Each structure stands twice: as structure tokens, then as C-alpha cells.
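On a predicted model such as this, the values are computed, not experimentally measured, just so you know. These values consider heavy atoms only, across backbone and side chains, with no hydrogens, waters or symmetry-generated copies. Proteins come first, then strands; the chains are lettered A, B, ... in the order of their sequence lines, and each starts at number 1.
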4 protein chains.
Amino acid sequence: MLAHVHHGPFATLVGYELTAWHTDEATVALSVTDRHINRSGVVHGGVIATLIDTACGFAGCYRPPPQEGRRAMTLALTTQFIAPAVAGMRITAHARRTGGGRQIFFASCEVRDQDGRLIASGEGTFRYRREA
Amino acid sequence: MLAHVHHGPFATLVGYELTAWHTDEATVALSVTDRHINRSGVVHGGVIATLIDTACGFAGCYRPPPQEGRRAMTLALTTQFIAPAVAGMRITAHARRTGGGRQIFFASCEVRDQDGRLIASGEGTFRYRREA
Amino acid sequence: MLAHVHHGPFATLVGYELTAWHTDEATVALSVTDRHINRSGVVHGGVIATLIDTACGFAGCYRPPPQEGRRAMTLALTTQFIAPAVAGMRITAHARRTGGGRQIFFASCEVRDQDGRLIASGEGTFRYRREA
Amino acid sequence: MLAHVHHGPFATLVGYELTAWHTDEATVALSVTDRHINRSGVVHGGVIATLIDTACGFAGCYRPPPQEGRRAMTLALTTQFIAPAVAGMRITAHARRTGGGRQIFFASCEVRDQDGRLIASGEGTFRYRREA
């Protein structure tokens with residue numbers, strides 16, 4: 001976990017962490033446990049969407065320290081569920097900012113397990129928040 | 001909460017509940033608390049996506065008791081974030097199955113707050129699980 | 001066709017027309033012919049996406065005459081293909097603006113055949129163009 | 001254009017062509033002309049969605065000659081519009097099959113102009129057609 005990054009309460013609840021953050025890219029990781037499972041015994045789709053939303057959002061918000069990152073709100077998010085994730089896996093969402101400008105940005109993300117197998121992919125459209 | 005419905009562990013973690021379930025429709029509700037908040041102070045997009053995924057999935061899986069519901073896996077999920085949700089709200093995701101057949105189904109969902117204001121919308125494509 | 005509405009060249013090429021346009025809603029219709037068909041013998045998914053993009057875009061851009069409509073650019077578009085369309089059908093995309101503000105708007109759309117059967121659904125996120 | 005590939009009528013109407021096709025990937029190209037333009041003077045979003053749908057579909061359907069490609073129908077399609085395309089551009093949609101199995105496949109696509117600038121990205125979920 002990157003010590004200088006402020007995580008929100010939902011990050012703590014789910015247990016994911018930002019593990020890499022650079023200009024136009026970000027990586028979020030999660031050690032999957034029983035609490036991430038749905039009634040069918042695999043990771044809930046909402047967990048995967050959470051990781052993609054988070055990684056894509058961070059990917060467009062990096063600024064070099066000591067500046068804090070920018071803030072953005074998601075406008076639209078898509079996810080494709082390519083292979084099920086199960087408890088015991090370590091899954092990683094890696095996102096890249098693919099374009100945009102001063103107000104809007106776009107990002108694409110892949111979620112992989114510890115062996116590099118593709119679990120999910122997705123894309124997000126974001127709007128930067130105005131700064132105080 | 002519908003007493004006869006088995007919820008998974010992630011439902012318990014997030015705290016949502018299935019409040020209505022009929023042929024081709026389902027409603028999932030969440031009392032938003034501080035633990036659903038992201039680093040920007042509003043409900044994490046992943047919470048909203050979780051509700052949409054869950055409501056859409058249930059919408060295609062109803063069978064009259066004493067049968068249990070069918071099971072399905074999400075293939076693709078989309079979300080539009082129309083207005084921010086904040087702690088203290090009671091938000092409700094209502095989904096309808098819009099089509100499909102024996103193997104695939106489609107559903108659309110709206111998420112509203114306690115005053116009926118639209119928070120988000122989304123759609124999901126699902127595949128039924130084979131039954132033992 | 002609404003006589004006072006300026007259509008672009010791609011509308012002419014594909015052959016669709018705006019058949020209703022009011023505050024926060026729009027309807028686009030297409031008489032499906034052989035030229036809309038893909039290599040598998042059904043209407044190309046791109047035709048359906050075109051109708052959804054167009055209807056959603058118009059839905060957020062109405063202004064009462066003699067004003068012209070606003071202009072917008074699509075940021076993100078999603079489509080679910082619920083049932084195939086074939087030549088001879090008259091299909092209609094009806095979109096509603098579901099939210100947004102001064103810069104961004106959201107719309108949802110359903111595409112139906114002449115008998116009201118659901119062919120596709122989709123959603124779009126749009127940004128208004130600045131006016132000269 | 002790949003001479004041995006059967007294109008449908010909508011491909012002819014729009015004017016795109018399949019320029020590369022291999023196991024798990026496909027490229028579709030279009031020389032943008034005035035007929036692809038919308039009422040705002042840029043390429044209609046439906047044109048971009050058409051290219052993404054086509055390239056993603058082909059990406060999952062390659063079989064080495066003399067076999068014909070498999071056939072698939074789109075279940076869900078998403079597009080992000082990253083930069084506008086205009087008449088005179090040569091745009092190329094390159095798609096990769098990212099996963100799936102015997103019945104379903106997933107693909108991701110990027111659309112670039114002749115200088116490699118990203119115009120759009122998108123993803124599709126597809127179902128193989130049963131063969132006679």
C-alpha cells in the first residue's frame with residue numbers, strides 16, 4: 001500500500017489497496033477472502049467493478065508529491081467478467097488513462113489473478129472535480 | 001429482507017438486502033452509512049455497481065417457492081452515475097429482466113434514493129448456470 | 001420526419017429519421033432493408049448502436065422552436081442486443097434523458113419493432129458542446 | 001481487404017473493410033468521408049460503434065482457411081469516444097479476443113487514426129452461433 005495515499009472507508013471495508021500509482025496509470029490489489037463471495041460461491045461482480053472503478057479513477061488523478069492526487073467522479077463504468085475469481089486469489093486491477101482533457105478523462109483496466117490470467121476488463125469515463 | 005433467500009457473504013459485508021423478488025423483477029435496498037463512502041466523501045461507485053449487478057441478477061432468476069431461484073453469472077455490466085449518493089440515504093435498485101432465453105438473459109436497473117430521485121442506471125447481461 | 005430538424009449525412013446514408021422530439025425525449029425510426037444486414041443475415045449491431053446513440057443524443061438537446069436544438073458529443077455508449085432485427089421490420093429507438101446538468105447529460109433508450117417487441121436497449125453519456 | 005472474406009451489405013454501405021484477421025485478433029479499417037459525418041460535423045458515433053462491433057466479432061471467429069470463420073452474435077457492446085474523427089482520416093479498429101469458451105467470447109478494441117492517435121475504445125460480449 002502506498003502510505004501517502006488517503007483511502008476511503010469503502011476501500012477499508014472491501015480490503016483493497018493502491019499498490020502502484022504513476023502518471024496515467026494505477027494498480028489496485030485485493031487478496032480475495034470468503035467475505036467477497038456471492039451466493040454462487042465466486043467473487044461478487046460488485047467487487048470486480050469496485051476494483052475497476054477505483055483503478056481507473058486513480059489512473060487519471062496522479063500528480064507528483066507533495067501534491068495530492070486530483071479528485072474525479074465516475075460518469076460511466078463498464079465491466080466484462082471473463083473468468084470467475086475465487087477465495088485465496090490475489091487479484092490486481094491495472095488501469096491506464098487512455099485520453100481526455102481538462103474536464104473529462106477515459107481509462108481502461110484489466111483485472112488479473114496472481115498467475116496473470118485475465119479475470120475481467122472494463123472502462124470508465126470520469127469527470128474531474130473542481131478544486132477548492 | 002426476504003427470509004427465504006440465501007444471501008452471500010459480500011451482501012452481508014456491504015449490508016444490502018433483497019426487498020422484493022418476483023418473476024422478471026427484483027429490488028435490492030441499502031441504507032447508506034459512512035462505510036460506503038469513497039475518498040471524495042460520496043458513495044463509492046463500486047457500491048452502486050454492486051447493487052445493480054445484484055438486482056439485475058436476481059431479476060432473471062426468480063422461481064416460485066418452494067423452488068429456489070436459479071443461479072446466473074454476470075457476463076457484462078454497465079453503470080451510469082447520474083447523481084451522487086451520500087451517507088444517510090436509503091437507496092433502492094429496481095431491476096427488470098428485459099429479454100433473453102434459456103441460456104442468456106438481459107436486465108435493466110434504476111437506483112433511486114428515498115425520495116425517488118434517480119442516482120444511477122445500468123444494464124447487465126447474464127448467463128444461467130447449469131443446474132446439478 | 002420532423003421537417004425542421006437538420007440531419008447529418010450518416011443519417012441519410014443509413015436512412016433513419018427523427019420522428020418525435022420533445023423536452024428530454026426523442027424517437028428515431030428506421031425501416032430495415034437489405035442494406036442494414038451483416039454477414040450473418042440479421043441487422044448489423046452497428047445499426048442498432050447508431051439508432052441508440054442518435055436517439056439518446058437528441059433526447060438531451062431539445063429546445064422549443066424557433067431555437068435550434070443544442071449540440072452534444074457522446075462520451076460513452078452501451079448497447080444490449082436482446083433480439084435480432086431483420087429486413088422488413090420498422091424499428092423505433094425511443095430515448096429519455098435521465099439526468100445531468102449544464103455540461104453532462106445521461107440518456108436511456110429502448111429499441112422496439114413494429115409490434116412492440118424489445119430489440120435492444122442502451123445508455124449514453126454525453127457532453128454538451130459549447131455554443132458560439 | 002481480405003479477398004476470401006464475405007462482407008455483409010452494411011459493410012459495403014459504410015465502406016469499411018477487414019484488413020487483417022488472425023487467431024484471436026482482427027483489424028477493420030475505414031477511410032472517413034463526408035457520408036460518415038453527423039449533424040455536428042464529426043464522425044457519427046454509430047460509425048465508431050460499427051467498427052468496434054465488427055472488429056471484436058471477427059476477433060473471436062477466425063479459423064484457418066479453407067475453413068470459413070465462425071459466426072457470432074453480439075450480446076453487449078460498449079464504446080468510449082476519446083477523440084473526434086473527421087473526414088479525410090483513415091481509422092483502424094484493432095480488436096483482440098480476451099477470453100471466453102465454447103459458447104461465449106469477449107473482445108476489446110482500440111480505434112486509432114492514421115497517426116496512431118486513439119479515437120475510441122470499446123468492448124464486446126458475443127455468443128457463437130450454432131453451426132448447421
Side-chain angles (χ1 to χ4, degrees), chain A residues 5-16 18 28 32-58 61 68-84 87 93 120-127 129, chain B residues 5-16 18 28 32-58 61 68-84 87 93 120-127 129:
Chain A
V5 177
H6 172 66
H7 275 65
F10 192 63
T12 304
L13 185 71
V14 175
Y16 64 80
L18 182 71
V28 172
V32 179
T33 70
D34 288 340
R35 73 177 184 278
H36 302 115
I37 300 301
N38 67 13
R39 63 189 183 108
S40 296
V42 298
V43 170
H44 196 296
V47 175
I48 304 296
T50 296
L51 298 184
I52 292 174
D53 184 34
T54 304
C56 285
F58 274 113
C61 288
E68 285 196 10
R70 301 187 64 174
R71 308 249 158 156
M73 46 190 300
T74 317
L75 297 175
L77 184 73
T78 68
T79 304
Q80 295 202 123
F81 298 90
I82 295 170
S121 63
E123 302 192 318
T125 307
F126 296 83
R127 181 181 182 172
R129 285 168 171 272
Chain B
V5 176
H6 172 66
H7 275 65
F10 192 63
T12 304
L13 185 72
V14 175
Y16 64 79
L18 183 71
V28 172
V32 179
T33 70
D34 288 342
R35 72 178 185 278
H36 302 116
I37 300 303
N38 67 12
R39 65 188 182 109
S40 295
V42 299
V43 170
H44 194 295
V47 175
I48 303 297
T50 296
L51 298 183
I52 293 174
D53 185 34
T54 303
C56 285
F58 274 114
C61 288
E68 286 196 7
R70 299 188 66 174
R71 307 248 156 157
M73 44 192 299
T74 318
L75 297 175
L77 184 74
T78 67
T79 303
Q80 295 202 123
F81 298 90
I82 295 170
S121 62
E123 301 192 319
T125 307
F126 295 82
R127 181 181 182 173
R129 284 168 172 271

Matching residue for A:Arg35 among B:Thr12, B:Val14, B:Leu13 - test: side chain to side chain contact (heavy atoms under 4.5 Å, CB included):
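Among B:Thr12, B:Val14, B:Leu13, the one meeting side chain to side chain contact (heavy atoms under 4.5 Å, CB included) with A:Arg35 is B:Leu13.
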Restricting to non-hydrogen atoms, name the atom on B:Pro9 and the atom on A:Asp34 that form the minimum distance, rounded to 0.1 Å.
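Smallest heavy-atom distance, with atoms named: CB-O, 3.3 Å.
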For residues B:Ala49 and A:Ala49, report the shortest heavy-atom separation together with the two atoms involved.
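The pair with the smallest heavy-atom distance is CB-CB, 3.7 Å.
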Considering residues at least two apart in sequence or located in another chain, which fulfil the ring pair (Phe, Tyr, Trp, His ring centres under 6.0 Å) criterion with A:His36?
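With neighbours one apart ignored, the set is empty.
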Between the main-chain N or O of A:Arg39 and the side-chain N or O of B:Arg71, is there a donor-acceptor pair closer than 3.5 Å?
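The answer is yes, because a donor-acceptor pair under 3.5 Å joins these two groups.
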Top contributor to chain B interface from A:Thr78, A:Leu75, A:Val42, A:Val43 [non-hydrogen pairs under 4.5 Å]:
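Answer, by heavy-atom pair count under 4.5 Å with chain B: A:Leu75.
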Find the one option among A:Leu51, A:Ile48, A:Ile52, A:Thr79 whose heavy-atom pairs under 4.5 Å with chain B are most numerous.
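Ranked by heavy-atom pairs under 4.5 Å with chain B, first place is A:Thr79.
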Can you tell me how far the CZ atom of A:Phe81 sits from the CZ atom of B:Phe126, to the nearest 0.5 Å?
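Between A:Phe81 CZ and B:Phe126 CZ, I get 8.0 Å after rounding to 0.5 Å.
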Side chain from CB out, backbone as N, CA, C, O: work out which of these in A:Val47 comes under 4.5 Å of a heavy atom of chain B, or both, or neither.
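It is both, since atoms from each part get that close.
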Under the side chain to side chain donor-acceptor pair (under 3.5 Å) rule, collect the residues that match up with A:Gln80, sequence neighbours excluded.
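For A:Gln80, the residues satisfying side chain to side chain donor-acceptor pair (under 3.5 Å) (neighbours in sequence not counted) are D:Thr125.
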Where on B:Cys56 is there a heavy atom nearer than 4.5 Å to chain A: the side chain, the backbone, both, or neither?
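Nothing of B:Cys56, per the 4.5 Å heavy-atom cut-off to chain A.
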Relative to the ring of A:Tyr16, is the ring of B:His44 parallel (under 30°), tilted (30 to 60°) or perpendicular (over 60°)?
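Geometry flag for A:Tyr16 against B:His44: perpendicular rings.
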